[in-house]
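Working notes, structure below.
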Protein chains: 2
Amino acid sequence: MTEARQQSTSAFVHRGSGTTLWRQIAAQLEQAVRRGDYKPGDQLPTEKALAEEFRVNRHTVRQAMNALSKTGLVSIEQGRGMFVVDSALDYALGPRTRFSDNLQSRQKRPGRELLSADQRHAEADIARALAIPAGALVWEIRTLNRANDRIVGLSTHYVAVSRFPEFADAFRRTLSITAALAACGLNDYKRKTTRITARLAPTEDARQLGIGRNRPVLQTETVNIDENGRPVEFGRARFVADHVTLTIDHGS
Amino acid sequence: MTEARQQSTSAFVHRGSGTTLWRQIAAQLEQAVRRGDYKPGDQLPTEKALAEEFRVNRHTVRQAMNALSKTGLVSIEQGRGMFVVDSALDYALGPRTRFSDNLQSRQKRPGRELLSADQRHAEADIARALAIPAGALVWEIRTLNRANDRIVGLSTHYVAVSRFPEFADAFRRTLSITAALAACGLNDYKRKTTRITARLAPTEDARQLGIGRNRPVLQTETVNIDENGRPVEFGRARFVADHVTLTIDHGS
DNA sequence: CTTTATTTGTCCGTATGTATT
DNA sequence: GAATACATACGGACAAATAAA
């Protein structure tokens, strides 16, 4: 959106060159995107700005943009603007998928920032998921999760203090649920159930995720169990819906 | 509705705290519902009772309740009272789950309304999912889905015309994907993959779902395959996020 | 909550060049 | 060549959706 970037894309169209104006515009914008002048998720200049830049009518720009949106290169949202489509992060949901595995297998660099690690008294729903008495002490670990430096979600993990008294310290050192549980003597666990809902981002989440208050978030609630089937961890994650697709491979 | 339960919810609002009174009330009642103090179908205290409990004017309670009814958490019925709306529909995602099974196993009455059944040329993504050439003819079946008369979602199904020429007729008669495929000679199929995203309802979907344009929808894309692993059906469903929770049981 | 500004969507009309019949 | 249809390009006005104040 800087003028420098605008000028770097040779914003010239040639009338009577055999190619229609809107095709020339579409081709130049596509090139600009592929060259990286506009990165995934970036907002493109407005129709008005592009029309002035290319010295054409707004309708001509619209024709070019409609063509680009049909190929899936850009998305057009009324009232918001035009954006370079952002290939959403595929986040696999399976019995044995881990956060870091999920990203590394897709050549994304995972990043986890510890927001808080406190003891709390379990609410009814968390106690039920962990099969412990309501009000029992649990560790509440909140993290901010990134993929290639882009914020993709917030996670809150609950683990019973009585069973894993050193969990918070272990997580602080390792920043990994798997490693922290291992440090507490649990070598294997797997997902039992996952519940998925969507909602508009609560104000506090929106702030931390760096998104608008009226952008949707995908919320997952997972229960992890040990080899004896006993619940060991309850996790509630909120993903930026615009950046994440949950995928399930039903297998065999 | 017992007084004991009322008192267990800390019924305090703070004036001049930056948050409006009605938002505080709405938040506390929402928490009480999510915590299970009021269960689906329960009648909430009357406006008068809530106003006394929170020490605010009745109109302030009304504003809070109107907000909650807009989100679909409670329903307000003149002359009767205010009620917690039926629990969000749990929709199970598994290799062999069917729409009607899903609902009947939960004592919900499924309803399906055929919106359209046309032949179209497959877009790139649909063609890829069905493993057919782009542009090949497919049936596009669009339905509106209800549970106990409440609209829960919209579905769009795609099936190759070349392989199932009579599919649309069969679906018109049976209103069932399973039955229609059976009528075309396919006796068994199962889900291969599911992709889940969330977004704000597109205008047209919002109209048909009877929700606001800025309510979130959960979108699932599923590929169903036959016993030889060949894709037979591609489905894209949009659920009213406020009324539906997707659940996965990772099994064994 | 309402109001205001921004941005895209739709519709009206006009004109021009290029194929097709 | 004449008539027709179609795509392109421009200009303007208003509607609809969004976001911020």
Side-chain angles (χ1 to χ4, degrees), chain A residues 1 6 11-29 38 41-86 199-203 205-207 209-217 240-242, chain B residues 13 15-27 56-71 76 198-217 238:
Chain A
M1 277 141 304
Q6 295 311 323
F12 294 114
V13 284
H14 307 283
R15 288 158 201 269
S17 68
T19 343
T20 60
L21 293 180
W22 70 264
R23 281 185 197 281
Q24 295 181 52
I25 294 169
Q28 287 199 22
L29 286 176
Y38 302 106
D42 277 5
Q43 178 169 13
L44 294 169
T46 65
E47 291 177 347
K48 186 165 169 289
L50 287 173
E52 284 169 1
E53 189 188 344
F54 285 105
R55 310 295 194 105
V56 297
N57 190 274
R58 183 177 149 235
H59 295 300
T60 310
V61 171
R62 284 180 58 75
Q63 192 159 11
M65 300 313 294
N66 279 327
L68 289 182
S69 80
K70 266 187 193 144
T71 71
L73 190 73
V74 305
S75 78
I76 304 177
E77 298 174 46
Q78 182 174 1
R80 298 222 318 137
M82 303 184 288
F83 303 85
V84 178
V85 298
D86 185 5
R199 57 175 59 182
L200 299 187
T203 315
D205 288 356
R207 198 181 59 74
L209 292 171
I211 59 175
R213 207 165 49 266
N214 41 6
R215 289 279 91 196
V217 293
V240 180
D242 295 329
Chain B
V13 286
R15 289 160 199 270
S17 67
T19 337
T20 58
L21 292 179
W22 71 265
R23 279 187 200 279
Q24 295 182 50
I25 294 170
V56 298
N57 191 276
R58 180 174 152 247
H59 295 300
T60 311
V61 171
R62 283 181 60 75
Q63 191 161 14
M65 300 313 293
N66 277 325
L68 289 181
S69 81
K70 268 187 194 144
T71 72
I76 303 176
R199 57 176 56 178
L200 299 187
T203 315
E204 183 62 9
D205 289 355
R207 199 181 58 75
Q208 291 180 310
L209 291 171
I211 59 175
R213 317 148 197 70
N214 42 10
R215 287 281 89 197
V217 293
R238 277 134 297 156

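In the text below, chain A, chain B and the rest are named by the order of the sequence lines, each starting its count at 1. Only this structure's heavy atoms are used, side chains among them; waters, hydrogens and symmetry mates stay out.
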Problem set entry | Residues in side-chain contact (heavy atoms from CB on, under 4.5 Å) contact with Arg207(A), at least two apart in sequence or another chain | Glu204(A)
Exercise. What closest approach, in Å, do Ile76(A) and Ser69(A) show between heavy atoms, and which atom pair accounts for it?
Worked result: CD1-CB, 3.9 Å
Exercise. Do any pairs count as a salt bridge (charged side-chain N to carboxylate O under 4.0 Å, His left out) and have a residue in residues 71-84 of chain A, sequence neighbours left out, and if so which ones?
Worked result: Glu77(A)-Arg80(A)
For this session: Under the salt bridge (Lys or Arg N to Asp or Glu O under 4.0 Å) rule, collect the residues that match up with Lys70(A), sequence neighbours excluded.
Result: none
For this session: Please list, chain by chain and in numerical order, all residues satisfying side-chain contact (heavy atoms from CB on, under 4.5 Å) with Thr60(B), sequence neighbours excluded.
Result: Leu21(B), Trp22(B), Ile25(B), Val56(B), Asn57(B)
Exercise. Where along residues 57-78 of chain A does a heavy atom fall under 4.0 Å from DNA chain C?
Worked result: Arg58(A), His59(A), Arg62(A), Ile76(A), Glu77(A), Gln78(A)
Exercise. Can you check the Arg15(A) CZ to dT16(C) P distance for me, whole Å?
Worked result: 15 Å
Exercise. So how far is it from Leu200(A) CG to Ile211(A) CD1, rounded to the nearest 0.5 Å?
Worked result: 9.5 Å
Exercise. Does Val74(A) reach the side chain of Leu29(A), with side-chain heavy atoms less than 4.5 Å apart?
Worked result: no
For this session: At the 4.0 Å heavy-atom cut-off to chain A, mark where contacts on DNA chain D begin and end, going 5' to 3'.
Result: dT8(D) to dA19(D)
Exercise. Could you give the CD-to-C1' distance, from Gln43(A) to dT6(C), as a whole number of Å?
Worked result: 10 Å
Exercise. If we only count heavy atoms from C-beta on, is the Leu50(A) to Met82(A) side-chain gap below 4.5 Å?
Worked result: yes
Report each atom pair, protein N/O against N/O of nucleotides 18-20 of chain C, whose distance is under 3.5 angstrom.
none

Seminar exercise, completed: Met82(A) CE to dT8(C) C1', in whole Å, measures 8 Å
Problem set entry | By side-chain hydrogen bond (donor to acceptor under 3.5 Å, both in side chains) - contacts of Arg62(A) (at least two apart) | Glu47(A)
For this session: List the atom of Phe54(A), the atom of Gln28(A), and the distance in Å for their closest heavy-atom pair.
Result: CE2-OE1, 3.5 Å
Problem set entry | Residue list, side-chain contact (heavy atoms from CB on, under 4.5 Å) with Thr71(A), at least two apart or on another chain | Leu73(A)
Problem set entry | Residues that Asp86(A) engages under side-chain hydrogen bond (donor to acceptor under 3.5 Å, both in side chains), provided they are two or more places apart | Arg150(A)
For this session: Have a look at the helix from dT2(C)-dA21(D) to dT21(C)-dA2(D) and give the angle its two end axes make, five pairs each, rounded to 10 degrees.
Result: 20°
Exercise. Quick one: side-chain hydrogen bond (donor to acceptor under 3.5 Å, both in side chains) partners of Arg215(A), sequence neighbours excluded?
Worked result: Asp242(A)
